[in-house]
Structure formats: structure tokens, C-alpha cells
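Inspection log for the structure reproduced underneath, given as C-alpha cells.
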Amino acid sequence: MSSAGPHLSMRDVEGMAPLIEQVRTGNIRAVSRLITLFENHMDNRRMVHLLNSTSREATVIGVTGYPGAGKSTVVNRLVSCYRRQGLKVGVLAVDISSHVTGGALLGDRIRMQEHALDHGVYIRSMATRGHHGGLARATGDAALVLEAAGYEVILIETVGVGQNEIDIVDLAPIVVAVVAPGLGDEVQAMKAGLLEVAQIVVVNKGDLPGTDNTLRDLREWCPNVLRTVATTGEGISELAAAILAHRPSRDGSSVGEVRTR
Ligand SMILES: Nc1nc2c(ncn2[C@@H]2O[C@H](COP(=O)(O)OP(=O)(O)O)[C@@H](O)[C@H]2O)c(=O)[nH]1
Ligand SMILES: [Mg+2]
């Protein structure tokens, strides 16, 4: 591709047809290349139109919550669970402040190693480039690429609920909020925000003291509160089933597309 600017010419986009064809066959290198193109040419809507015409149906799940709540551990377990059901799974780990969470991401990579040789799993971290809206768009575009490549479940991990959160509700029709017990005031403070975005609330680290209190507390606010111990896998198959049960019916809009409000 000749153009290096943010905008691609029509010729550039037409020249990508073979790449998109490879994506459709599930070619992992083509998937990576196309996601990188989206990251580098965020403003270009033409590529999205090309992809839209090739999209299938994926279940896109947002997983959000404070750092350390256990999101990555839960996601890793969900990947195994959906793989056992024979589903192809994509993971997009949205890294909003890489300088702070660099260590955590490294840990994530090590944890995800068990899926490294599984061709039914695609894992990618999406790093901040420019403003949050751009990151949200690139992540939505990446979800579209994965969907076109035949991934049936797409998990988007993002830090929240706070100011830095990308608008996960715009990307994922199902949002799972992960909290750890004993957060006290933190849980109180995030309750309202949680319930605004999450269909399912997970109290992870259910092996720790304070779990029952946190569960009771959250159940007064939200009908779907589950307990997990992601380190052992306890409660994960129930969570996986609850997520699929909450899959919204199709309204014709494309999954992963950033909706405008
Ligand atoms: N005790 C306990 N620790 C957990 C559980 N789930 C995750 N952890 C640990 O909590 C830490 C943070 O987990 P991580 O998945 O990276 O959290 P994230 O920042 O939300 O993605 C790691 O050391 C995990 O091993 C759990 O169910 N129980
Ligand atoms: Mg994480």
C-alpha cells in the first residue's frame, strides 16, 4: 500500500479486496494486518463498508471493571469454556494506560499463552493511540474484522468504570462488570455506573472474605449477579451460559460498529 496518511484513496481500498478475502477464510496473519491498518487509518470508513458486506454474526461481550478485579483471569477462563463448546473466540484487550499497566499486560500475555497454539483463539491488545474515541473506533473495527474472519465470540476487556473507560456500551451489546469483594466504598461508588452499563455483574475472587456481603449488596441493585473464583474456574460455566442467554436479538445493526448517540 502506497499511502501512509490517515486517509486511503479509493484505489488503496479497492486494492485491499484480496486481503479481506483472506480475512474471510480465517487467515490469522491477514486478520492481524487488517486490524493494524484500521489502527493506522482510523478515519477511513470505506474499509468498514467493505468489511460490513462480508460480516457474519458474532456475540460481542464487553468485560469491564477496576484494575485487579480479575477481568483477564475471567476472560481467560471464558475463552477455555467457549472453546470447549467448539466456538471460535477472539479477545481484544484494550490498554488505556500502557505505561501504568505494562506489567499487568505482560502477565496477561503469559496467562493467555495456553491459547497460543489454538487456532480457534485470536488475542490482541489494542493500545491507546490518540483520543479515547479513536480507540473505541479502532476496537469496534477490530471486532468487525474478527467477525468477518468467523470468530463467533468476541471478548473485549477494558478498564472501567471511570472517566478513562472507552464507551464499551457502544461496542458490545452485552457488558459484564467484574468486581472484587471487600471494595467497600469503591463498590458503592461504582454501583450506579455499573448498573447503567452492565447486564451481568460478576463478584470475582469469591474465595475472599466479604464475598457474601458484596453479593447481597449488589443483588439489591441488579438481577444478574454471579459469583466466580476465576483462579480455580468456579462459576465460570454458569457465567458463560448467562452471557449467551443475554445475547440480544438482532436488530440488523452490525456488531462492533460504533453506534452514534
Ligand atoms: N484470590 C483470587 N485471586 C484472583 C481471582 N481472580 C484473579 N485473581 C488474581 O487477581 C490478580 C489480578 O487479576 P487480573 O485478571 O490481572 O485482573 P484485571 O486487572 O482485572 O485484568 C491476579 O494476581 C490474579 O491471579 C480469584 O478468583 N481469586
Ligand atoms: Mg487485565
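Numbering of ligands and ligand atoms starts at 1, following listing order.
- Note: an N/O pair closer than 3.5 Å links Ala230 and ligand 1 by distance alone.
- The shortest side-chain heavy-atom distance between Tyr82 and Ile243 falls under the 4.5 Å cut-off.
- Only the side chain of Asp207 comes within 4.0 Å of ligand 1, judged by heavy-atom distances.
- Between atom OG1 of residue Thr231 and atom CZ of residue Arg77 there is a gap of 7.5 Å, rounded to the nearest 0.5 Å.
- Of the polar atoms of Ser72, at least one N or O is found under 3.5 Å from an N or O of ligand 1, judged by distance alone.
- Between the Mg ion (ligand 2) and Ser72 there is an N/O/S contact shorter than 2.8 Å.
- For Glu157, the heavy-atom gap to ligand 1 drops under 4.0 angstrom.
- Applying the side-chain contact (heavy atoms from CB on, under 4.5 Å) test to Ser237 and every residue at least two apart in sequence or in another chain returns Cys81.
- Inspection of the Ser72 and Glu157 side chains reveals an N or O donor paired with an N or O acceptor under 3.5 Å.
- Val176 and Val229 fall into different hydrophobic clusters, where Ile, Leu, Val, Met, Phe, Trp and Tyr side chains are chained together by heavy-atom contacts under 4.5 Å.
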Arg124 vs Thr139, side-chain hydrogen bond (donor to acceptor under 3.5 Å, both in side chains): CA-CA, chis, key distance, verdict: CA-CA 10 Å; Arg124 170 135 181 165; Thr139 307; over 6 Å; no
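- Close to ligand 1: Ala69, with a non-hydrogen atom less than 4.0 angstrom away.
- Glu238 and Arg227 are not joined by a salt bridge, as no carboxylate oxygen comes within less than 4.0 angstrom of a charged side-chain nitrogen.
- Comparing heavy-atom distances from atom 24 (C) of ligand 1 across Val178, Val63, Thr73, Thr64 singles out Thr73 as nearest.
- Ligand-side atoms of ligand 1 in range of Tyr66: 20 (O), range being under 4.0 angstrom from any heavy atom.
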Under 3.5 Å, which donor-acceptor pairs do the side chains of residues 84-92 form with other protein atoms, sequence neighbours left out?
unit_1: Lys88; atom_1: NZ; unit_2: Ala149; atom_2: O; d: 3.3

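- Close approach to Pro67 involves these atoms of ligand 1, each under 4.0 Å from a residue heavy atom: 19 (O).
- Between Gly68 and ligand 1, at least one pair of N/O atoms sits closer than 3.5 Å.
- Taking any N or O of Gly70, backbone or side chain, at least one lies under 3.5 Å from an N or O belonging to ligand 1.
- The Mg ion (ligand 2) sits nearest to atom OE2 when only the N, O or S atoms of Glu157 are considered.
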